[in-house]
There are 2 protein chains.
Amino acid sequence: MDIRTRLISTAEQLFDRHGFTATGMDRLTQAAGISSRTLYKHFGSKNGLMAAVLNERDRRFHRRINADSVDALFGALEAWFAEEGARGCLFLRAWGETGGGVPEIAEVMARHKERLRQRIDDIVVAEIGHRDDELAEAILLLFEGATHAATYRGGAAVDGARRAARRLIAGART
Amino acid sequence: MDIRTRLISTAEQLFDRHGFTATGMDRLTQAAGISSRTLYKHFGSKNGLMAAVLNERDRRFHRRINADSVDALFGALEAWFAEEGARGCLFLRAWGETGGGVPEIAEVMARHKERLRQRIDDIVVAEIGHRDDELAEAILLLFEGATHAATYRGGAAVDGARRAARRLIAGART
DNA sequence: GTACATGTAAAGTGATCGTTTTACACTCAG
DNA sequence: CTGAGTGTAAAACGATCACTTTACATGTAC
């Protein structure tokens, strides 16, 4: 496997499971079987690595939630949690741990959330045939809520969000 | 002001604004104007201080969202954000930064979320006259979603959550 | 065959981490 | 008057932080 890819996926796991600040560079290089010199050649700094990890996660995430209905959207979220675990939004966690003060990270976070909103806009159009900003906002909030509530309520959170979204859509269709 | 109270409120601000792990003990003692020896006499360890901060925040938070309607609930959340800023749920952030591995913190988090769910259960009863688990779950998810989406969407997130909750309640009343 | 890119291992940078220690001042109850 | 309690300032603890440096092994391209 490519050395960049290997390091990014190792780092993503460690950051996700133990937190960004709590994960030291020694632990990262050791887990990935890579020298620290190579790491810094590739990513420049820890913040650079964090940004790279988040960028890769953004691509992977949006590839997986490529859905055209609310049911499929929350189904994809459920599958994601089943495979990767639910520990809250990694983008918001990175933003919080850095106090919002690292531009590269704040930008990836903002881009990720914008894409999420666009995806949901498209799903709303597919469901009811036209744009509905209020409905899309509600589904985004349910999605965000499920993402975080799943850390302490498990799959029931995603289920509840899906059901609520269905009701709101049914109400909007009439 | 009492020395414990002063330290807890100083620590809450620093933890919230800069992250738990990123906030060192030196910064804490200096900001509170307190010797590190005194800090350790009172709280034993950094984890002990974090748990104390979260416990105090839990009390303050639930005192402020003591509402008897969804409108009042989201109104209280909006006021909270206006005064304290929106950087996501501090309990989930603490849990994430510690990798879920600190029992004292995991317990405060769980207790906090249980109380939130109970409060919402009560509000649902006040709104529609009887229990409705699915509706309560949906409102919890909207609340959680607004809490986190407000970090990047501002007050619009709370507004959207309130409107969606109103619709769901209107649907449940018929 | 030599120059370059890409990797490793390992030691060292100074700073900062959470925590403890030493030494000293003040208050107040017995 | 004394001893316990509560506070301070400041230095020290070893560990770990993010990051750099030195020295050396590759394979590959001109």
Side-chain angles (χ1 to χ4, degrees), chain A residues 1-55 93-106 108, chain B residues 1-55 93-106 108:
Chain A
M1 197 203 303
D2 176 53
I3 207 169
R4 264 185 78 99
T5 313
R6 175 155 43 109
L7 182 46
I8 285 183
S9 90
T10 305
E12 184 182 347
Q13 280 193 45
L14 291 176
F15 285 155
D16 186 32
R17 291 205 201 309
H18 306 102
F20 291 88
T21 317
T23 302
M25 299 304 259
D26 283 10
R27 204 174 179 182
L28 283 171
T29 52
Q30 198 176 335
I34 275 172
S35 75
S36 74
R37 195 170 201 272
T38 304
L39 187 154
Y40 280 94
K41 287 257 172 180
H42 278 289
F43 301 101
S45 67
K46 190 182 188 180
N47 284 337
L49 175 60
M50 287 172 58
V53 164
L54 293 178
N55 263 312
R93 289 171 61 196
W95 183 84
E97 286 205 36
T98 54
V102 181
E104 341 167 40
I105 292 172
V108 188
Chain B
M1 198 201 301
D2 175 53
I3 207 169
R4 264 187 77 99
T5 312
R6 173 153 46 109
L7 183 45
I8 285 184
S9 90
T10 304
E12 185 182 347
Q13 280 194 46
L14 290 177
F15 285 154
D16 186 32
R17 289 205 201 315
H18 307 102
F20 291 89
T21 317
T23 303
M25 298 304 260
D26 283 10
R27 202 173 180 182
L28 245 16
T29 52
Q30 198 176 335
I34 274 171
S35 75
S36 73
R37 195 169 202 271
T38 304
L39 187 154
Y40 279 94
K41 287 258 170 177
H42 279 289
F43 300 100
S45 67
K46 189 182 188 180
N47 284 337
L49 174 61
M50 286 172 59
V53 164
L54 293 178
N55 263 313
R93 288 171 61 196
W95 183 85
E97 285 206 36
T98 54
V102 181
E104 342 167 39
I105 291 172
V108 189

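Proteins come first, then strands; the chains are lettered A, B, ... in the order of their sequence lines, and each starts at number 1. Below, all heavy atoms of this structure are taken into account, side chains as well, without hydrogens, waters or symmetry copies.
- Taking only side-chain atoms of A/Lys46, from C-beta outward, the nucleotide of D/dG7, C/dT8, D/dC19 with the closest atom is D/dC19.
- Rounding to whole angstrom units, CZ of residue B/Arg27 and P of C/dT19 are separated by 18 Å.
- With rounding to whole Å, A/Leu39 atom CG is found 11 Å from C/dG7 atom P.
- For B/Arg6 and D/dG7, the CZ to C1' distance is 11 Å, given to the nearest whole Å.
- In terms of position along DNA chain D, the nucleotide closest to B/Ile34 lies nearer the 5' end than the nucleotide closest to the other residue of the pair A/Asn47 and B/Ile34.
- Atom CZ of A/Phe15 and atom C1' of D/dA18 are 12 Å apart (whole Å).
- Proximity of a side-chain donor or acceptor of A/Arg4 to a complementary backbone N or O of A/Phe43 within less than 3.5 Å is not detected.
- Contacts of A/Thr29 with the nucleic acid, taken as non-hydrogen atoms under 4.0 Å apart, are absent.
- No contact: A/Gly48 has no heavy atom under 4.0 Å from any strand.
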Listed pairs, N/O of protein and of nucleotides 20-22 of chain D, under 3.5 Å:
unit_1: D/dT20; atom_1: O4; unit_2: A/Ser36; atom_2: OG; d: 3.1
unit_1: D/dT22; atom_1: O4; unit_2: A/Arg37; atom_2: NE; d: 3.0

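- Rounded to whole Å, the distance from NZ on A/Lys41 to P on C/dG7 is 9 Å.
- Taking atom CG of residue B/Asp26 and atom C1' of nucleotide D/dC17, one finds them 14 Å apart after rounding to whole Å.
- Checking each of B/Glu12, B/His18, B/Arg17 against B/Leu14 for a side chain to side chain contact (heavy atoms under 4.5 Å, CB included) leaves exactly one that passes, namely B/His18.
- Taking each heavy atom of B/Met50 and B/Phe20 in turn, the nearest pair found is CE-CD2, 3.5 Å.
- The CG atom of A/Leu28 sits 15 Å away from the P atom of D/dT16 (whole-angstrom rounding).
- Residue A/His42 places none of its side-chain N or O atoms closer than 4.0 Å to OP1 or OP2 of C/dT6.
- Listed here is the closest heavy atom pair of B/Lys46 and B/Thr23: NZ-O, 2.8 Å.
- When the P atom of D/dT8 is taken as reference, atom CD of B/Gln30 falls 14 Å away, rounded to whole Å.
- Closest heavy-atom contact between B/Ala11 and B/Val53: CB-CG2, 3.7 Å.
- No side-chain heavy atom of B/Trp95 sits under 4.5 Å from any side-chain heavy atom of B/Val108.
- In this structure, the side chains of A/Leu7 and A/His42 stay at 4.5 Å or more apart for every pair of heavy atoms.
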